[in-house]
Amino acid sequence: MNVILLGPPGCGKGTQGALLATRTETTRIATGDLLREAVRAGTDLGQKAQSFMDKGLLVPDEVILGLITEVLNTPEAQNGVIMDGFPRTVTQAEAVDELLASKGQTVDHVFTFEVPDAELVRRMQERAEQEGRSDDTPEAFQNRLGVYQEQTAPLIAFYEQRNLVTAIPGTGTKDEVAARVQGALQG
Ligand code: AMP
């Protein structure tokens with residue numbers, strides 16, 4: 001089963017992706033985590049990505065497409081993946097379709113998590129204190145919200161045409177949200 005988690009920063013994709021991956025015995029792949037690792041390790045990819053990430057902008061598709069190809073072709077990805085943080089543009093979505101098709105697979109579900117902006121900002125402030133991410137500053141976070149609306153939210157319509165999208169209310173405890181996801185998968 002291949003699942004895409006879509007939604008603005010702070011909506012709970014990471015938390016729900018981890019829970020869902022455990023429950024469905026699939027692998028969660030988060031491009032944001034992989035990019036942060038690459039930045040820490042100082043790799044070529046990390047150096048190309050860092051300035052975009054710090055500003056809250058998307059890393060260009062030509063940089064991301066190689067990463068997506070690599071992760072979807074790893075052995076752990078063959079039983080299905082929970083895609084957290086990608087695709088984020090139509091170009092990336094088309095690449096995901098092609099890569100899955102080459103394995104005889106498709107995107108099976110897309111979940112969006114709906115959380116009011118004020119709550120997203122509150123969560124960002126909480127995470128900034130806990131994790132100190134360089135893009136959890138008020139300015140970068142506003143950019144990330146804007147970039148989500150402009151470049152990533154149009155993917156909802158892209159997948160709605162294929163009847164793949166379920167909108168999940170993203171407020172409440174993580175177990176409550178997980179139960180909604182589970183209910184949608186079973187229903
Ligand atoms: P995230 O952890 O998913 O919020 O991602 C953190 C940052 O990494 C984003 O603000 C982007 O700069 C970059 N990033 C992560 N995934 C992607 C992607 N699929 N395409 C472009 N940029 C990405």
Side-chain angles (χ1 to χ4, degrees), residues 2-21 27-74 77 81-100 107 110-115 117 119-156 158-159 170 174 177:
N2 294 298
V3 175
I4 293 173
L5 305 183
L6 263 180
C11 74
K13 299 187 297 292
T15 305
Q16 294 304 320
L19 292 172
L20 189 57
T27 304
R28 165 180 170 260
I29 298 175
T31 43
D33 289 351
L34 296 170
L35 290 168
R36 278 184 290 279
E37 259 168 53
V39 169
R40 267 194 298 276
T43 63
D44 193 34
L45 173 69
Q47 285 175 18
K48 284 185 189 144
Q50 184 167 21
S51 64
F52 296 98
M53 294 172 75
D54 284 347
K55 290 187 201 111
L57 302 176
L58 290 189
V59 176
D61 281 335
E62 58 270 26
V63 179
I64 293 289
L65 291 180
L67 179 64
I68 293 179
T69 306
E70 204 180 299
V71 294
L72 287 182
N73 284 328
T74 54
V81 286
I82 311 296
M83 292 174 248
D84 167 357
F86 78 100
R88 261 173 150 105
T89 63
V90 172
T91 303
Q92 292 181 23
E94 287 167 350
V96 166
D97 278 341
E98 265 176 47
L99 285 160
L100 291 178
V107 174
V110 178
F111 291 108
T112 64
F113 296 103
E114 299 187 324
V115 176
D117 277 5
E119 171 66 7
L120 296 175
V121 171
R122 193 197 63 73
R123 291 182 185 181
M124 178 278 290
Q125 284 162 342
E126 194 175 86
R127 189 169 64 186
E129 282 165 24
Q130 289 163 358
E131 296 175 22
R133 261 174 64 165
S134 56
D135 58 353
D136 276 341
T137 61
E139 197 188 24
F141 194 77
Q142 283 308 321
N143 281 342
R144 288 161 65 203
L145 284 178
V147 162
Y148 171 76
Q149 289 305 340
E150 276 168 33
Q151 299 187 57
T152 305
L155 288 184
I156 296 174
F158 177 91
Y159 290 116
K174 65 181 183 190
V177 179

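Counting starts at 1 for both ligands and their atoms, in listed order. Here, residue 1 is the first one in the sequence, and each next residue gets the next number.
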Arg133: numbered ligand 1 atoms lying under 4.0 Å from its heavy atoms: 1 (P), 2 (O), 4 (O), 6 (C)
Does a salt bridge link Glu126 with Arg123, judged by any charged N lying under 4.0 Å from a carboxylate O? no
Provide, to 0.1 Å, the distance between atom 22 (N) of ligand 1 and the closest protein heavy atom, together with that atom's residue and name. Val59 N, 3.1 Å
Considering non-hydrogen atoms only, spot the tightest contact between Ala95 and Leu65 and give its length. CB-CD2, 3.6 Å
Can Arg144 and Asp136 be counted as an ion pair, charged N to O under 4.0 angstrom? yes
Checking a contact table here: which protein heavy atom is nearest atom 8 (O) of ligand 1, and how many Å away? Met53 CE, 3.6 Å
Determine whether a donor-acceptor pair (N or O, by modelled atom type, separation under 3.5 Å) exists between the side chain of Thr31 and the backbone of Gly85. yes
Got the closest protein heavy atom to atom 16 (N) of ligand 1, with its distance? Thr31 OG1, 2.8 Å
Please verify whether a non-hydrogen atom of Lys55 lies at under 4.0 Å from ligand 1. no
Distance-only, no hydrogens or angles: does the Gln92 side chain make a donor-acceptor pair with backbone N or O of Arg88 under 3.5 Å? yes
Just one of Val96, Leu5, Val3 clears the side chain to side chain contact (heavy atoms under 4.5 Å, CB included) bar with Met83, so which one? Val96
Tell me: protein heavy atom nearest atom 20 (N) of ligand 1, and distance? Gln92 NE2, 2.9 Å
Ligand-residue contact atoms, ligand 1 with Leu57, heavy atoms, under 4.0 Å: 11 (C), 12 (O)
Mind checking whether Leu58 contacts ligand 1 via backbone (N, CA, C, O), side chain (CB onward), both or neither, at a 4.0 Å heavy-atom cut-off? both
Would you mind running through ligand 1 and noting each atom that sits below 4.0 Å from a heavy atom of Gly85? 16 (N), 17 (C), 18 (C), 19 (N)
From the candidates Arg88, Arg144, Gln151, Lys13, the one that places a heavy atom nearest atom 3 (O) of ligand 1: Arg88
Do any nitrogen or oxygen atoms of Leu35 lie less than 3.5 angstrom from nitrogen or oxygen atoms of ligand 1? no
At their closest point, which heavy atom of Phe52 faces which heavy atom of Leu58, and how far apart are they? CD2-O, 3.7 Å
